[in-house]
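Proteins get letters first, then strands, A, B, ... in listed order; numbering begins at 1 in each. The figures that follow rest on heavy atoms only: side chains count, while hydrogens, waters and symmetry mates do not.
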2 protein chains.
Amino acid sequence: MEQEVFKDMLRKKGLKVTNQRMLVLELMAERPGEHLTAEEIYDLARQSCPEIGLATIYRTVQVLVDLSVIDKVSFDDGFARYELGGFNRESGHHHHHAICSRCQKVFSFKGDLLDTLEQALLDTEGFMVTDHEVKLHGYCRECREKMEEDQDGK
Amino acid sequence: MEQEVFKDMLRKKGLKVTNQRMLVLELMAERPGEHLTAEEIYDLARQSCPEIGLATIYRTVQVLVDLSVIDKVSFDDGFARYELGGFNRESGHHHHHAICSRCQKVFSFKGDLLDTLEQALLDTEGFMVTDHEVKLHGYCRECREKMEEDQDGK
DNA sequence: TTGCGTGCAAATGATTTGCAGAGAT
DNA sequence: ATCTCTGCAAATCATTTGCACGCAA
(Lines give C-alpha, C1' and ligand atoms only; values in the text may rest on other atoms or scores of the structure.)
Protein backbone atom coordinates (compact mmCIF):
# COMPACT_ATOMS: atom_id res chain seq x y z
CA MET A 1 0.00 0.00 0.00
CA GLU A 2 1.34 3.38 -1.14
CA GLN A 3 0.32 5.06 2.07
CA GLU A 4 2.71 3.02 4.19
CA VAL A 5 5.61 3.74 1.87
CA PHE A 6 4.91 7.43 2.24
CA LYS A 7 4.68 7.20 6.02
CA ASP A 8 8.08 5.54 6.09
CA MET A 9 9.53 8.26 3.87
CA LEU A 10 8.29 10.87 6.34
CA ARG A 11 9.61 9.03 9.38
CA LYS A 12 12.96 8.44 7.70
CA LYS A 13 13.30 12.22 7.36
CA GLY A 14 12.25 12.81 10.95
CA LEU A 15 8.94 14.31 9.84
CA LYS A 16 5.61 13.54 11.43
CA VAL A 17 2.73 11.66 9.87
CA THR A 18 -0.26 13.99 9.99
CA ASN A 19 -3.78 13.82 8.63
CA GLN A 20 -3.15 16.85 6.46
CA ARG A 21 -0.10 15.30 4.84
CA MET A 22 -1.90 12.02 4.22
CA LEU A 23 -4.87 13.88 2.80
CA VAL A 24 -2.84 15.88 0.29
CA LEU A 25 -0.97 12.76 -0.77
CA GLU A 26 -4.28 10.98 -1.30
CA LEU A 27 -5.70 13.83 -3.36
CA MET A 28 -2.66 13.89 -5.60
CA ALA A 29 -2.55 10.09 -5.90
CA GLU A 30 -6.18 10.07 -7.05
CA ARG A 31 -5.33 12.50 -9.84
CA PRO A 32 -2.34 11.26 -11.82
CA GLY A 33 -1.61 13.38 -14.86
CA GLU A 34 -3.33 16.46 -13.44
CA HIS A 35 -1.44 19.67 -12.78
CA LEU A 36 -3.01 21.26 -9.72
CA THR A 37 -2.35 24.68 -8.25
CA ALA A 38 -2.04 25.15 -4.49
CA GLU A 39 -5.45 26.79 -4.50
CA GLU A 40 -7.00 23.83 -6.32
CA ILE A 41 -5.48 21.38 -3.88
CA TYR A 42 -6.76 23.60 -1.08
CA ASP A 43 -10.32 23.48 -2.42
CA LEU A 44 -10.19 19.71 -2.79
CA ALA A 45 -8.71 19.27 0.67
CA ARG A 46 -11.36 21.42 2.32
CA GLN A 47 -14.06 19.05 1.10
CA SER A 48 -12.91 16.48 3.63
CA CYS A 49 -11.10 18.78 6.04
CA PRO A 50 -12.78 22.22 6.12
CA GLU A 51 -10.47 23.63 8.78
CA ILE A 52 -7.28 23.08 6.76
CA GLY A 53 -5.31 26.24 5.94
CA LEU A 54 -3.83 27.31 2.63
CA ALA A 55 -0.44 27.74 4.28
CA THR A 56 -0.52 24.07 5.21
CA ILE A 57 -1.08 23.18 1.57
CA TYR A 58 1.97 25.20 0.57
CA ARG A 59 4.05 23.63 3.31
CA THR A 60 2.84 20.13 2.47
CA VAL A 61 3.47 20.27 -1.27
CA GLN A 62 6.99 21.44 -0.43
CA VAL A 63 7.45 18.31 1.67
CA LEU A 64 6.09 16.15 -1.14
CA VAL A 65 8.42 17.80 -3.64
CA ASP A 66 11.40 17.26 -1.31
CA LEU A 67 10.47 13.59 -1.10
CA SER A 68 10.17 13.46 -4.91
CA VAL A 69 6.60 12.24 -4.59
CA ILE A 70 5.30 15.13 -6.67
CA ASP A 71 6.89 17.65 -9.01
CA LYS A 72 6.52 21.38 -9.15
CA VAL A 73 5.92 22.65 -12.68
CA SER A 74 5.05 26.00 -14.14
CA PHE A 75 3.17 26.85 -17.30
CA ASP A 76 3.81 30.56 -16.89
CA ASP A 77 0.27 31.50 -15.99
CA GLY A 78 1.22 32.90 -12.61
CA PHE A 79 0.64 29.74 -10.59
CA ALA A 80 2.97 26.99 -9.50
CA ARG A 81 1.46 23.61 -10.25
CA TYR A 82 2.01 20.19 -8.78
CA GLU A 83 1.75 16.79 -10.38
CA LEU A 84 2.22 13.23 -9.23
CA GLY A 85 5.39 11.41 -10.17
CA GLY A 86 6.61 13.04 -13.34
CA PHE A 87 9.84 11.29 -12.61
CA ASN A 88 10.48 8.03 -14.44
CA ARG A 89 12.67 5.66 -12.46
CA GLU A 90 13.85 3.85 -15.56
CA SER A 91 15.00 6.81 -17.62
CA GLY A 92 15.95 8.88 -14.60
CA HIS A 93 14.20 11.81 -16.22
CA HIS A 94 10.99 13.74 -16.01
CA HIS A 95 8.41 13.52 -18.74
CA HIS A 96 7.58 16.34 -21.10
CA HIS A 97 4.65 18.69 -21.52
CA ALA A 98 2.96 20.03 -24.63
CA ILE A 99 0.81 23.08 -23.92
CA CYS A 100 -1.88 24.17 -26.35
CA SER A 101 -1.64 27.91 -26.99
CA ARG A 102 -5.38 28.09 -27.63
CA CYS A 103 -7.10 25.99 -24.93
CA GLN A 104 -4.16 25.82 -22.50
CA LYS A 105 -4.69 22.08 -22.12
CA VAL A 106 -1.53 20.19 -21.20
CA PHE A 107 -0.50 16.92 -22.80
CA SER A 108 2.14 14.85 -21.05
CA PHE A 109 4.36 12.30 -22.67
CA LYS A 110 7.63 10.61 -22.07
CA GLY A 111 10.62 10.98 -24.28
CA ASP A 112 14.20 9.91 -24.01
CA LEU A 113 15.01 11.66 -27.25
CA LEU A 114 17.31 14.12 -25.58
CA ASP A 115 19.86 11.45 -24.76
CA THR A 116 22.03 12.20 -27.79
CA LEU A 117 21.81 15.92 -27.08
CA GLU A 118 22.86 15.38 -23.50
CA GLN A 119 25.76 13.14 -24.47
CA ALA A 120 26.97 15.76 -26.94
CA LEU A 121 26.77 18.44 -24.23
CA LEU A 122 28.94 16.34 -21.92
CA ASP A 123 31.49 15.67 -24.66
CA THR A 124 31.79 19.23 -25.93
CA GLU A 125 31.11 21.38 -22.87
CA GLY A 126 31.74 19.07 -19.96
CA PHE A 127 28.23 19.73 -18.72
CA MET A 128 26.66 16.67 -17.12
CA VAL A 129 22.89 16.64 -17.32
CA THR A 130 21.04 15.19 -14.35
CA ASP A 131 17.53 16.12 -15.36
CA HIS A 132 15.64 17.88 -18.08
CA GLU A 133 12.50 19.85 -18.54
CA VAL A 134 10.83 20.19 -21.91
CA LYS A 135 7.86 22.35 -22.71
CA LEU A 136 6.42 22.34 -26.20
CA HIS A 137 4.04 25.04 -27.33
CA GLY A 138 1.63 24.58 -30.18
CA TYR A 139 -1.92 23.60 -31.02
CA CYS A 140 -3.72 20.41 -30.11
CA ARG A 141 -5.79 18.44 -32.61
CA GLU A 142 -9.12 19.69 -31.26
CA CYS A 143 -8.13 23.34 -31.46
CA ARG A 144 -6.59 22.92 -34.88
CA GLU A 145 -9.89 21.52 -36.12
CA LYS A 146 -11.83 24.38 -34.56
CA MET A 147 -9.45 26.88 -36.06
CA GLU A 148 -10.01 25.38 -39.50
CA GLU A 149 -13.78 25.61 -39.03
CA ASP A 150 -13.48 29.27 -38.09
CA GLN A 151 -11.45 29.77 -41.22
CA ASP A 152 -14.09 28.05 -43.37
CA GLY A 153 -16.91 29.97 -41.70
CA LYS A 154 -15.63 33.24 -43.08
CA MET B 1 21.61 49.77 -38.43
CA GLU B 2 19.53 47.76 -35.97
CA GLN B 3 18.11 50.88 -34.37
CA GLU B 4 16.22 51.92 -37.49
CA VAL B 5 14.72 48.47 -37.92
CA PHE B 6 13.45 48.68 -34.37
CA LYS B 7 12.00 52.13 -34.88
CA ASP B 8 10.10 50.88 -37.89
CA MET B 9 8.77 47.94 -35.89
CA LEU B 10 7.44 50.36 -33.29
CA ARG B 11 5.87 52.68 -35.84
CA LYS B 12 4.31 49.75 -37.68
CA LYS B 13 2.51 48.84 -34.46
CA GLY B 14 1.43 52.42 -33.83
CA LEU B 15 3.82 52.75 -30.91
CA LYS B 16 6.01 55.74 -30.26
CA VAL B 17 9.78 55.89 -30.46
CA THR B 18 10.96 57.08 -27.05
CA ASN B 19 14.35 57.48 -25.46
CA GLN B 20 13.47 54.91 -22.81
CA ARG B 21 12.57 52.27 -25.40
CA MET B 22 15.72 52.93 -27.41
CA LEU B 23 17.82 52.79 -24.27
CA VAL B 24 16.48 49.41 -23.15
CA LEU B 25 16.95 48.01 -26.63
CA GLU B 26 20.52 49.25 -26.65
CA LEU B 27 21.28 47.72 -23.26
CA MET B 28 19.93 44.36 -24.34
CA ALA B 29 21.70 44.52 -27.73
CA GLU B 30 25.01 45.13 -25.95
CA ARG B 31 24.56 41.98 -23.91
CA PRO B 32 23.72 39.04 -26.14
CA GLY B 33 23.59 35.78 -24.25
CA GLU B 34 22.86 37.43 -20.90
CA HIS B 35 19.67 36.77 -18.99
CA LEU B 36 18.76 39.97 -17.21
CA THR B 37 16.04 40.56 -14.64
CA ALA B 38 13.88 43.68 -14.79
CA GLU B 39 15.75 45.02 -11.80
CA GLU B 40 19.10 44.47 -13.50
CA ILE B 41 17.92 46.23 -16.63
CA TYR B 42 16.64 49.02 -14.38
CA ASP B 43 20.03 49.45 -12.73
CA LEU B 44 21.80 49.53 -16.10
CA ALA B 45 19.28 51.98 -17.53
CA ARG B 46 19.61 54.38 -14.61
CA GLN B 47 23.29 54.80 -15.34
CA SER B 48 22.42 56.83 -18.42
CA CYS B 49 18.90 57.87 -17.46
CA PRO B 50 18.61 58.26 -13.67
CA GLU B 51 14.99 59.40 -13.77
CA ILE B 52 13.69 56.26 -15.47
CA GLY B 53 11.14 54.25 -13.50
CA LEU B 54 11.03 50.53 -12.86
CA ALA B 55 7.48 50.41 -14.21
CA THR B 56 8.78 51.71 -17.51
CA ILE B 57 11.26 48.85 -17.64
CA TYR B 58 8.48 46.34 -17.12
CA ARG B 59 6.34 48.01 -19.77
CA THR B 60 9.23 48.25 -22.21
CA VAL B 61 10.38 44.65 -21.95
CA GLN B 62 6.78 43.65 -22.61
CA VAL B 63 6.86 45.68 -25.81
CA LEU B 64 10.16 44.08 -26.81
CA VAL B 65 8.78 40.62 -26.12
CA ASP B 66 5.68 41.40 -28.21
CA LEU B 67 7.95 42.46 -31.06
CA SER B 68 9.98 39.23 -30.63
CA VAL B 69 13.11 41.29 -30.12
CA ILE B 70 13.77 39.69 -26.75
CA ASP B 71 12.48 36.58 -24.97
CA LYS B 72 11.15 36.17 -21.49
CA VAL B 73 12.63 33.17 -19.72
CA SER B 74 12.48 31.84 -16.20
CA PHE B 75 14.98 29.81 -14.25
CA ASP B 76 12.61 29.42 -11.32
CA ASP B 77 14.48 31.70 -8.96
CA GLY B 78 11.58 34.09 -8.53
CA PHE B 79 12.53 36.54 -11.29
CA ALA B 80 11.49 36.78 -14.89
CA ARG B 81 14.51 37.22 -17.11
CA TYR B 82 14.96 38.68 -20.54
CA GLU B 83 17.43 37.80 -23.25
CA LEU B 84 18.14 39.03 -26.74
CA GLY B 85 16.94 37.00 -29.69
CA GLY B 86 16.71 33.46 -28.45
CA PHE B 87 14.70 32.87 -31.58
CA ASN B 88 16.49 31.36 -34.53
CA ARG B 89 14.96 32.43 -37.84
CA GLU B 90 16.29 29.36 -39.63
CA SER B 91 15.03 26.66 -37.32
CA GLY B 92 12.00 28.67 -36.24
CA HIS B 93 12.75 27.66 -32.68
CA HIS B 94 14.27 29.03 -29.54
CA HIS B 95 17.59 27.81 -28.27
CA HIS B 96 18.02 25.76 -25.14
CA HIS B 97 19.42 26.41 -21.68
CA ALA B 98 21.52 24.26 -19.40
CA ILE B 99 21.51 25.47 -15.80
CA CYS B 100 24.17 24.39 -13.35
CA SER B 101 22.61 23.26 -10.10
CA ARG B 102 25.71 24.34 -8.16
CA CYS B 103 26.75 27.75 -9.54
CA GLN B 104 23.46 28.62 -11.27
CA LYS B 105 25.36 29.66 -14.38
CA VAL B 106 23.36 29.29 -17.58
CA PHE B 107 24.75 27.80 -20.78
CA SER B 108 22.87 28.42 -24.00
CA PHE B 109 23.03 26.29 -27.08
CA LYS B 110 21.00 25.56 -30.13
CA GLY B 111 19.52 22.23 -30.92
CA ASP B 112 17.12 20.99 -33.51
CA LEU B 113 17.16 17.54 -31.99
CA LEU B 114 13.54 17.71 -31.04
CA ASP B 115 12.41 17.62 -34.65
CA THR B 116 11.77 13.88 -34.64
CA LEU B 117 9.96 14.13 -31.33
CA GLU B 118 7.77 16.90 -32.67
CA GLN B 119 6.97 15.00 -35.84
CA ALA B 120 5.98 11.96 -33.80
CA LEU B 121 3.72 14.10 -31.64
CA LEU B 122 1.95 15.43 -34.70
CA ASP B 123 1.52 11.95 -36.17
CA THR B 124 0.27 10.26 -33.03
CA GLU B 125 -1.55 13.00 -31.14
CA GLY B 126 -2.33 15.57 -33.77
CA PHE B 127 -0.49 18.17 -31.71
CA MET B 128 1.37 20.67 -33.88
CA VAL B 129 4.39 22.18 -32.19
CA THR B 130 5.11 25.82 -32.96
CA ASP B 131 7.87 26.39 -30.43
CA HIS B 132 9.78 24.60 -27.74
CA GLU B 133 11.50 25.36 -24.52
CA VAL B 134 14.17 23.10 -23.10
CA LYS B 135 15.84 23.47 -19.75
CA LEU B 136 18.52 21.03 -18.73
CA HIS B 137 19.68 20.75 -15.16
CA GLY B 138 23.03 19.39 -14.16
CA TYR B 139 26.59 20.33 -13.32
CA CYS B 140 29.00 22.33 -15.44
CA ARG B 141 32.61 21.30 -15.98
CA GLU B 142 34.00 23.82 -13.52
CA CYS B 143 31.70 22.76 -10.71
CA ARG B 144 32.24 19.10 -11.43
CA GLU B 145 35.97 19.64 -11.04
CA LYS B 146 35.49 21.54 -7.80
CA MET B 147 33.21 18.84 -6.51
CA GLU B 148 35.87 16.22 -7.22
CA GLU B 149 38.45 18.29 -5.36
CA ASP B 150 36.16 18.53 -2.36
CA GLN B 151 35.79 14.79 -2.52
CA ASP B 152 39.56 14.29 -2.62
CA GLY B 153 40.13 16.76 0.16
CA LYS B 154 38.27 14.60 2.62
C1' DT C 1 6.32 15.63 27.85
C1' DT C 2 8.69 17.75 23.76
C1' DG C 3 8.72 19.68 19.77
C1' DC C 4 7.07 19.62 15.19
C1' DG C 5 2.91 20.87 12.52
C1' DT C 6 -1.11 23.67 11.88
C1' DG C 7 -4.32 27.65 11.31
C1' DC C 8 -4.67 32.30 11.23
C1' DA C 9 -3.35 36.72 10.02
C1' DA C 10 0.10 39.64 8.68
C1' DA C 11 4.24 40.25 5.80
C1' DT C 12 6.77 39.77 1.53
C1' DG C 13 8.13 40.89 -2.97
C1' DA C 14 7.87 40.76 -7.96
C1' DT C 15 4.89 42.74 -11.11
C1' DT C 16 0.87 45.68 -12.47
C1' DT C 17 -1.98 49.66 -12.58
C1' DG C 18 -4.19 54.54 -11.93
C1' DC C 19 -3.26 58.99 -12.69
C1' DA C 20 -1.45 63.52 -13.95
C1' DG C 21 2.06 65.56 -16.38
C1' DA C 22 5.69 65.11 -20.38
C1' DG C 23 6.80 64.05 -24.82
C1' DA C 24 6.16 62.08 -29.68
C1' DT C 25 3.59 62.58 -34.09
C1' DA D 1 -3.37 69.38 -30.78
C1' DT D 2 -3.87 64.70 -29.79
C1' DC D 3 -3.00 60.81 -27.62
C1' DT D 4 0.58 57.73 -26.12
C1' DC D 5 4.30 57.18 -22.66
C1' DT D 6 6.40 57.97 -18.38
C1' DG D 7 7.28 58.35 -13.35
C1' DC D 8 5.43 57.88 -9.07
C1' DA D 9 2.93 55.66 -5.67
C1' DA D 10 -0.42 52.58 -4.52
C1' DA D 11 -2.50 48.14 -5.54
C1' DT D 12 -2.25 43.22 -6.62
C1' DC D 13 -1.72 38.59 -5.64
C1' DA D 14 0.73 34.18 -5.15
C1' DT D 15 3.52 32.62 -1.70
C1' DT D 16 5.92 32.91 2.85
C1' DT D 17 6.35 33.67 7.67
C1' DG D 18 5.51 34.66 12.91
C1' DC D 19 3.08 33.09 16.55
C1' DA D 20 0.28 30.49 19.87
C1' DC D 21 -2.06 26.35 20.18
C1' DG D 22 -2.74 21.30 19.07
C1' DC D 23 -1.27 16.92 18.08
C1' DA D 24 2.22 13.08 16.88
C1' DA D 25 6.01 10.59 19.02
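- Under the 3.5 Å distance criterion, the side-chain polar atoms of A:Thr56 are left unmatched by any main-chain donor or acceptor of A:Ile52.
- Checked options A:Phe109, A:Tyr139, A:Phe107; the residue passing with B:Phe127 is A:Phe107 (criterion: ring-ring contact (aromatic ring centres under 6.0 Å, His included)).
- B:Glu51 comes within contact range of the sugar-phosphate backbone alone, with a heavy-atom separation under 4.0 Å but no base atom that close.
- For the residue pair B:Asp43 / B:Gln47, no side-chain donor-acceptor distance below 3.5 Å is found, with atom types taken as modelled.
- Here the side chain of B:Thr130 pairs a donor or acceptor atom with the backbone of A:His137 at under 3.5 angstrom.
- Mapped onto DNA chain C by nearest heavy atom, B:Phe79 and A:Thr56 fall at different nucleotides, with A:Thr56 at the one closer to the 5' end.
- In summary, of the residues considered (A:His94, A:His96, A:His95), a ring-ring contact (aromatic ring centres under 6.0 Å, His included) with A:His132 occurs for A:His96 alone.
- Along DNA chain C, the stretch of nucleotides lying under 4.0 Å from any heavy atom of chain A spans, 5' to 3', C:dG3 to C:dC8.
- In this entry the distance linking CZ of B:Arg59 with P of D:dC8 reads 11 Å, nearest Å.
- Counting only distance, with no hydrogens or angles, the side chain of A:Glu40 and the backbone of A:Thr37 share a donor-acceptor pair below 3.5 Å.
- Contacts with DNA chain C (heavy atom under 4.0 Å) in residues 7-31 of chain B: B:Lys16, B:Val17, listed by number.
- The separation between B:Arg46 atom CZ and D:dC8 atom P is 10 Å, rounded to whole Å.
- B:Ile52 places its CD1 atom 5 Å from the P atom of D:dG7, with the value rounded to the nearest Å.
- Looking only at side-chain heavy atoms (C-beta outward), A:Leu136 and A:His97 stay at 4.5 Å or farther from each other.
- When rounded to the nearest whole Å, the span between OH of A:Tyr82 and P of D:dA14 equals 13 Å.
- Looking only at distances, no side-chain donor or acceptor of B:Lys72 sits under 3.5 Å from a matching main-chain atom of B:Val61.
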